[in-house]
Amino acid sequence: MLVLRYMRRPIFVLIIVYAIGITGMALIPGTAADGSPEYMSLFHAFYFFTYTATTTGFGEIPSEFTDQQRLWAILCLYIGVIAWLYAIGSIIHLIQNMHFVQALSEYRFSRVVNRITEPFFIICGFGDTGSLLARGLSDHRFTAVVIDRDPERIKALSLRDYNVTMPGLCGDPSEPRHLVDAGLKHPQCKAVIALTSDEDVNLKIAVVSRFINPKVQVICRSTSTKHKEQLAPLDNVRIINPFEIFAQLLSMAIITPRLHNLNSWLVRAKGVRLGVPLDVPSNNWILCGYGRMGQWLHKYMKLNSINPLIIDPDIESSSGIDRFIKGYADHGTLSDAGLDTAAGIVAGTDNDSDNLNILMSAQVLNPKAFTIVRQNHHANQLAFDAASVDLILQSSLTTGRRILKYLISPHIQILIDYLREQGEQHTEKIVNRLSTSIGDQTPHLWSVTLDSKHAKSATELLNAGHIINIGDIIRHPSRRCESLSCVPLVVLRTNRPIMLPENEIQLFNNDSILFCGTEQSEQLLASTLNNTYTLHYLLTGKEVARGFIFQWLGQLAEDKKSSTA
Amino acid sequence: MNLERVIFGFFIILSLTFNFVFVIGDIDNPMHHSVWILTIAILVNLIATGLKLGDRSQVGALLLAASLVADLLLITARVVWVIYQNDTLQGPSAESIVTIVSLAGGALIANIVSVIILIGDTLMSRR
């Protein structure tokens, strides 16, 4: 419609010019082959004008023109060609118009979004974290809609090879109009994730989304305590502080290495093998960098009664820290700090080249020291990989994985927190179970809800009064005494989770179970839960008769048996 | 070994074989096709259909569908036989027998599908 409105004048001009040319041609008499006067029909006049105005020029058809006709044909040619040039020029002008192009791409974008039928997420900001999150969602076959202010990032998005469609819009994500275009009011929109570099923009996105669609989940990246206080009272809003997550992970690696190993394995971190935890020293640490992240790290280390030596150029003695050295973490400062006797060092400044320098000094002074390094930019990956560090923590990666975990399987974080409270022995038990069941295969997390949509036969049997234990449904459909390669992690029942359920735990309708296993076992389990005969066999070990006739015969045989007994 | 599966498999494969026995031979030679075999094939097919009724699994639904197709085609073939059986003294003419055997050939395909599904299901469940 927009095109037609803009093209109104050129179209009028074309119509008028055609009308003049055709009328004139039809009124001017010509000569037929036998010399008698002949008028051109309206259709012939239109045919002549069409090939003349478009500069095709088939010639003088059907018979040679008279001079009057040729005179009029000259006029037709000039006005026709000019009218066409004007129309085509207008179209080209329209296509080059920035606003028109923007409007067209927005229209296309909202059409793509409206056509989404599966649950999807809105990612605001396509930086390091945003692109990692999009990649993770695509691996789990979830669609995401991306909004970013930078047209280059949207171009980058369109060049990625995702498993699902990821429509992208170039625009200000905090503008409500753009959020609605991105599907904020769409019934399948599950969450809005605000990941722009500007924290005030993130806050605005959270508040706007909250007002426009209160049902949608909001995840907001923010490091400021002020924002946290502002957003905390709202339900369905979750604040992600990358520094805090980073500090949590690092302290997890130091305090509970087994849990850290399990966690990294579950999120499929590179080069992690289940049951091979890092050998992290628990004291005598040096912490380089005391910025916002350094403070969080220090807080978490203190909570776990580790008192690291801090090296930072801007540190103040009044901030209540007892062990610190004021200065840049260069070779001299590090050897003064006693790096040669330290058990471990954290290179945690916000500058990647500083961190690499610290690593270099550590390798010279004390090659045995445990090194943990903070990687700030995704682009420096190769340099950090080559530095042979014990543990690389990348802020965008840890944040992206945490959000992904929250979106895909929200209960896994509950389990991790539970295991942290329970201690390392508990973790070791579950790790043993996972490694015997899954081994070296890639872990896959999924959850199953026992309702008529996802587990039809299981609900039928439950309604018929059968007792289903969790150990029964994970039996292998071909070999009943063996289990599928999956482990139930959490059973969720009316929001009260049962952690690490034993095989004897009884299941009820609408229970939701979180599993960790192979992708193949997910398919087998899904088919078991939807096939009455298989499920019955797994529960009882007996084949149930299929079909009315065999059921009737079976009933007959049973009656006979009971009557003789 | 499960007696139920034995009986089930027996009737499904028997309906395929009887169907084949009727179809085999020159398509236009009435001497090669016996009306008795056709009637028995219909009977066995109907029994197999009956055994498939009431199975609520996906595979059961597909088996039943294939069986119903075979029944439909075989019964149509038998009706056509009745219509044309007075063509000559020996029974249907060559033109009529072509129609009848073609219909039975269609039923043969449905029966083959049935047997393939049965074998596939048995191999898949492996228990």
Side-chain angles (χ1 to χ4, degrees), chain A residues 452-464 466 472-485 520-561, chain B residues 1-16 18 40-72 74-75 107 110-111 113-127:
Chain A
S452 52
K453 195 176 161 202
H454 300 100
K456 192 166 146 281
S457 306
T459 45
E460 272 173 22
L461 286 183
L462 282 171
N463 289 337
H466 283 262
D472 290 326
I473 62 168
I474 61 167
R475 286 179 194 275
H476 199 288
S478 308
R479 301 172 292 275
R480 188 173 171 268
C481 44
E482 287 175 27
S483 286
L484 292 171
S485 36
Q520 194 204 4
S521 61
E522 180 187 3
Q523 289 163 11
L524 284 172
L525 184 71
S527 69
T528 300
L529 290 176
N530 286 299
N531 186 328
T532 317
Y533 301 111
T534 316
L535 192 60
H536 199 277
Y537 168 75
L538 294 185
L539 292 179
T540 58
K542 283 185 205 123
E543 289 281 358
V544 68
R546 296 185 187 201
F548 297 132
I549 293 175
F550 287 118
Q551 277 165 13
W552 176 68
L553 285 175
Q555 196 64 42
L556 222 62
E558 216 163 273
D559 288 348
K560 206 171 175 187
K561 205 184 283 173
Chain B
M1 203 180 74
N2 187 333
L3 186 65
E4 180 202 323
R5 303 306 287 174
V6 174
I7 298 171
F8 191 66
F10 173 80
F11 276 103
I12 287 185
I13 295 170
L14 191 69
S15 55
L16 171 67
F18 263 106
I40 294 171
I42 291 173
L43 196 67
V44 175
N45 252 293
L46 285 175
I47 294 173
T49 313
L51 292 180
K52 289 168 183 174
L53 286 175
D55 185 340
R56 287 183 303 153
S57 60
Q58 295 277 353
V59 173
L62 208 56
L63 277 173
L64 181 62
S67 220
L68 288 175
V69 171
D71 288 343
L72 181 73
L74 284 177
I75 290 172
N111 270 322
V113 169
S114 242
V115 171
I116 290 172
I117 295 169
L118 177 74
I119 294 172
D121 185 40
T122 315
L123 290 180
M124 287 281 282
S125 69
R126 273 182 307 201
R127 52 177 193 240

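First the proteins, then the strands, lettered A, B, ... as listed; each starts at 1. Note that the structure is predicted; figures quoted are calculated from it, not measured.
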Peer 1: Under 4.5 Å, counting heavy-atom pairs only, tell me which of B:Gly60, B:Ser57, B:Gly50, B:Gly54 racks up the most with chain A.
Peer 2: B:Gly54
Peer 1: Side chain from CB out, backbone as N, CA, C, O: work out which of these in A:Phe550 comes under 4.5 Å of a heavy atom of chain B, or both, or neither.
Peer 2: side chain
Peer 1: Which residue out of B:Gln58, B:Lys52, B:Arg5 racks up the most heavy-atom pairs below 4.5 Å with chain A?
Peer 2: B:Arg5
Peer 1: With chain A as the partner chain, list the residues of residues 6-13 of chain B whose heavy atoms fall under 4.5 Å from it, by residue number, and write 'none' if nothing qualifies.
Peer 2: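 Contacts with chain A: B:Ile7, B:Phe8.
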Peer 1: Could you grab the distance from atom CG of B:Asp55 to atom CD1 of A:Ile549, nearest 0.5 Å is fine?
Peer 2: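 Those atoms lie 12.0 Å apart.
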Peer 1: Should A:Lys456 and B:Arg56 count as side-chain neighbours, where that means a heavy-atom distance under 4.5 Å?
Peer 2: no
